[in-house]
Amino acid sequence: MRRRLALTTVLLLTGCTTGPSLETQGDVTAPPGDSHHLTIGSAGFTESDLLAQMYALLLDRAGYKTSLITVANRELYEPALESGQIDVVPEYAATFADWLNAKTNGAGAAPVGSPDPKTTMTALRRLAAPRGLTVLDAGRAVDQNAFAVSRSYARQHGLKTLSDLGASGLGVRLAAGDECVQRPYCAPGLKKTYGIDVTAVDPKGVGTTQAKRAVQSGQDQMVLTTTTDATLPGFGLVLLADDKKLQNADSIVPVVNRSRAGGQGPTGALDRLNGVLTTADLASMNEQVDSWRRLAKDVARSYLRDKGLLK
């Protein structure tokens, strides 16, 4: 029977015993494992919960016993993944690569995530392997930063891409997190890559209801959100294509503890999702949980059955 645990203090109190020690971190010595019981971690937001539920259901079908736990802080769940307290987590390739790079080489290290998926995955696997982690193949699903405007604004100015917006010369008030002022993927990147005149950043958060309503009402002209945000049509908003690839390749990838879940059994079960899962699928499932109030487990099961991955 699957059990859901709230694990925060446990991770802080339990010793890290199965991951590589600091002295041997440069070597990968443990063979790929195939543990009978596997623990899947979720970062506690809707999409992470959905992915964790799908991972658990696929592993259950393959004959494994699974437990799901929620650890909302990467600073906690990544060491737990190294130690074997958590066996599998859904991650985002470029974001996780940069996070591991900073952990390995210091906060000032140059970013290794990039808009190129192959380059990003190579960097991520290079950083993950010495920590006893295996990064499985990325599928088609990507959750990365994206920018949306109102449908009427896009129609009025003939906008389909961020390049179109830059060429228009329009001044844009951008609803986003306050860090957008400095982050290279946000206001500075919009100016440098697309020539967009960001006149101000309205600090209403990333993809929040407040931020979307500001664009819907015309108070702001554009909002920073994500590619799997399925609520945009409800606010009359549409995404502008990132046609010059300002955003990094945040492909969704399972990351496993090599010594416990790196064998062909667990990885083969998880890889089955790559053949079907798309960005649009994730957006639809997020909407079912967030807007329709369905349980993540039920949405995940229905999706896998619809795709022929569960009976």
Side-chain angles (χ1 to χ4, degrees), residues 7-9 11-16 19-28 41-45 47-48 70-86 89-135 138 142-146 174 176-193 198 201 203 205-208 224-226 242 245-258:
L7 186 72
T8 302
T9 56
L11 294 181
L12 292 171
L13 296 174
T14 306
C16 296
S21 68
L22 291 175
E23 293 78 10
T24 61
Q25 205 171 58
D27 302 315
V28 179
S42 164
F45 55 94
E47 187 168 286
S48 189
T70 298
V71 188
N73 191 318
R74 188 177 277 118
E75 284 77 8
L76 290 177
Y77 73 66
E78 189 279 330
L81 185 62
E82 288 188 32
S83 74
Q85 294 170 291
I86 295 175
V89 295
E91 263 293 357
Y92 300 88
T95 298
F96 195 43
D98 284 337
W99 192 88
L100 287 179
N101 188 43
K103 182 176 180 179
T104 302
N105 299 311
V112 295
S114 81
D116 181 68
K118 184 176 180 180
T119 300
T120 297
M121 287 292 289
T122 298
L124 174 54
R125 283 170 164 156
R126 184 178 66 247
L127 289 159
R131 297 181 177 278
L133 307 179
T134 295
V135 181
V142 179
D143 186 357
Q144 60 193 36
N145 294 307
L174 175 62
D178 54 9
E179 71 278 3
C180 177
V181 174
Q182 297 179 324
R183 292 285 174 86
Y185 68 81
C186 203
L190 290 172
K191 175 64 176 177
K192 181 179 180 180
T193 303
V198 179
V201 172
V206 179
T208 62
L224 171 62
T225 183
T226 66
D242 181 18
K245 299 188 182 301
L246 170 62
Q247 303 303 324
N248 284 341
D250 257 332
S251 302
I252 292 165
V253 291
V255 181
V256 304
N257 178 287
R258 174 183 165 87

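We're numbering straight along the sequence, starting at 1. Values in this document were obtained by computation on a predicted structure and should not be read as measured data.
By the side-chain contact (heavy atoms from CB on, under 4.5 Å) test, Asn145 is found to be paired with Tyr185, Leu224, Gln247, residues two or more places apart in sequence or in another chain being considered. For Thr208, the side chain to side chain donor-acceptor pair (under 3.5 Å) test picks out no residue, with sequence neighbours left out. Under the salt bridge (Lys or Arg N to Asp or Glu O under 4.0 Å) criterion, Lys103 pairs with Glu78, Glu82, sequence neighbours left out. By the salt bridge (Lys or Arg N to Asp or Glu O under 4.0 Å) test, Glu47 pairs with no residue at all, sequence neighbours left out. A search for side chain to side chain donor-acceptor pair (under 3.5 Å) contacts involving Asp242 returns Tyr194, not counting sequence neighbours. Residues passing the side-chain contact (heavy atoms from CB on, under 4.5 Å) test with Val142 are Gln144, Ser251, Thr279, sequence neighbours excluded. Contacts of Asn105 classified as side chain to side chain donor-acceptor pair (under 3.5 Å), with partners at least two apart in sequence or in another chain: Asn101. Every residue meeting the side-chain contact (heavy atoms from CB on, under 4.5 Å) condition with Thr95, not counting sequence neighbours, appears here in chain and number order: Arg74, Tyr92, Asp250. Scored by the side-chain contact (heavy atoms from CB on, under 4.5 Å) test, Asn73 finds Glu75, Leu76 as partners (sequence neighbours excluded).
At distances below 3.5 Å, at least one donor-acceptor pair connects side-chain atoms of Ser48 with backbone N or O atoms of Ala43.
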List the steps, then state whether side-chain contact (heavy atoms from CB on, under 4.5 Å) holds for Leu81 with Leu133.
CA-CA 8 Å; Leu81 185 62; Leu133 307 179; 3.6 Å; yes

Going through the checks in order, is the side-chain contact (heavy atoms from CB on, under 4.5 Å) test met by Thr225 and Val206?
CA-CA 5 Å; Thr225 183; Val206 179; 5.5 Å; no

May I have the step-by-step check of side-chain contact (heavy atoms from CB on, under 4.5 Å) for Leu124 and Leu100, ending in yes or no?
CA-CA 8 Å; Leu124 174 54; Leu100 287 179; 3.9 Å; yes

Steps toward side-chain contact (heavy atoms from CB on, under 4.5 Å) verdict (Arg131, Thr104):
CA-CA 10 Å; Arg131 297 181 177 278; Thr104 302; 3.1 Å; yes

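Residues Ala176 and Cys186 share a closest heavy-atom pair of CB-SG, 4.4 Å. The minimum heavy-atom distance linking Cys180 with Leu174 is given by the pair SG-CD2, 3.5 Å. Closest approach of Ala138 and Val253 over heavy atoms only: CB-CG1, 3.5 Å. Across Val201 and Ala187, no two heavy atoms sit closer than the pair CG2-CB, 4.3 Å. Ile86 and Gly41 get closest at one heavy-atom pair: CG2-N, 3.7 Å.
Judged as a side-chain hydrogen bond (donor to acceptor under 3.5 Å, both in side chains), the pairs with a partner in residues 118-127 (not counting sequence neighbours) are, in order, Ser114-Thr120, Asp116-Thr119, Arg125-Asp137. Listed by first then second residue, pairs satisfying salt bridge (Lys or Arg N to Asp or Glu O under 4.0 Å) with a partner in residues 176-190 number zero, not counting sequence neighbours.
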